[in-house]
Amino acid sequence: MDSTDVERRMAEAATTEEHGRYREAALLYAQLGKDIQARYGRFDPRALDAFEGVARSIRKSATT
């Protein structure tokens, strides 16, 4: 997994979230975060961004 793949997967999760599929988006963000941690380390900022995406998707799902 390189940085292009990370960006593509982040965009895919964001698009899923924008279409209102919050549960699916949360799963995509969570898997991406885990994959980034496995490849680049636990505290890589991109992993933290992905886990913030999980939280955001969950929050949005609770308000709809």
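Keep in mind it's a predicted model, so treat the numbers as computed, not measured.
Scored by the side chain to side chain donor-acceptor pair (under 3.5 Å) test, Glu24 finds Arg21 as partners (sequence neighbours excluded).
Summarising the geometry of Ala47 relative to Gly33, their closest heavy-atom pair is CB-O, 3.8 Å, with the distance given to 0.1 Å. Across every non-hydrogen atom of Glu17 and Tyr22, the tightest pair is O-CE2, 3.4 Å. In plain terms, the two heavy atoms of Ala13 and Ala25 that are nearest each other are O-CB, 3.7 Å. When every heavy atom of Ile58 is checked against every heavy atom of Ala26, the shortest pair comes out as CG1-CB, 4.4 Å.
Between Asp5 and Arg8 there is a salt bridge, since a side-chain N of the basic residue sits under 4.0 Å from a carboxylate O of the acidic one. Remark: Arg9 engages Asp35 in a salt bridge, criterion side-chain N to carboxylate O under 4.0 Å.
Put simply, CD1 on Ile36 and CZ on Phe43 are 14.5 Å apart, with the number rounded to the nearest 0.5 Å. Distance check, rounded to the nearest 0.5 Å: CD of Glu7 to CG of Asp2 gives 9.0 Å. Ser3 OG to Met10 CE: the interatomic distance, rounded to the nearest 0.5 Å, is 12.0 Å.
Annotation for Lys60: atom NZ counts as buried by contact number, over 12 foreign heavy atoms lying within 6.0 Å.
In the hydrophobic clustering of ILVMFWY residues, with side-chain heavy atoms under 4.5 Å counting as a link, Phe51 and Leu32 come out together. Leu28 and Tyr40 are members of different hydrophobic clusters when ILVMFWY side chains are connected at heavy-atom separations under 4.5 Å.
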Under the criterion side-chain contact (heavy atoms from CB on, under 4.5 Å), I'd like the reasoning laid out for Val6 against Met1: C-alpha separation, chi angles, the key distance, then a yes or no. CA-CA 7 Å; Val6 171; Met1 174 171 58; 3.8 Å; yes
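For the residue pair Arg56/Tyr29, the side-chain donor-acceptor check at 3.5 Å is satisfied.
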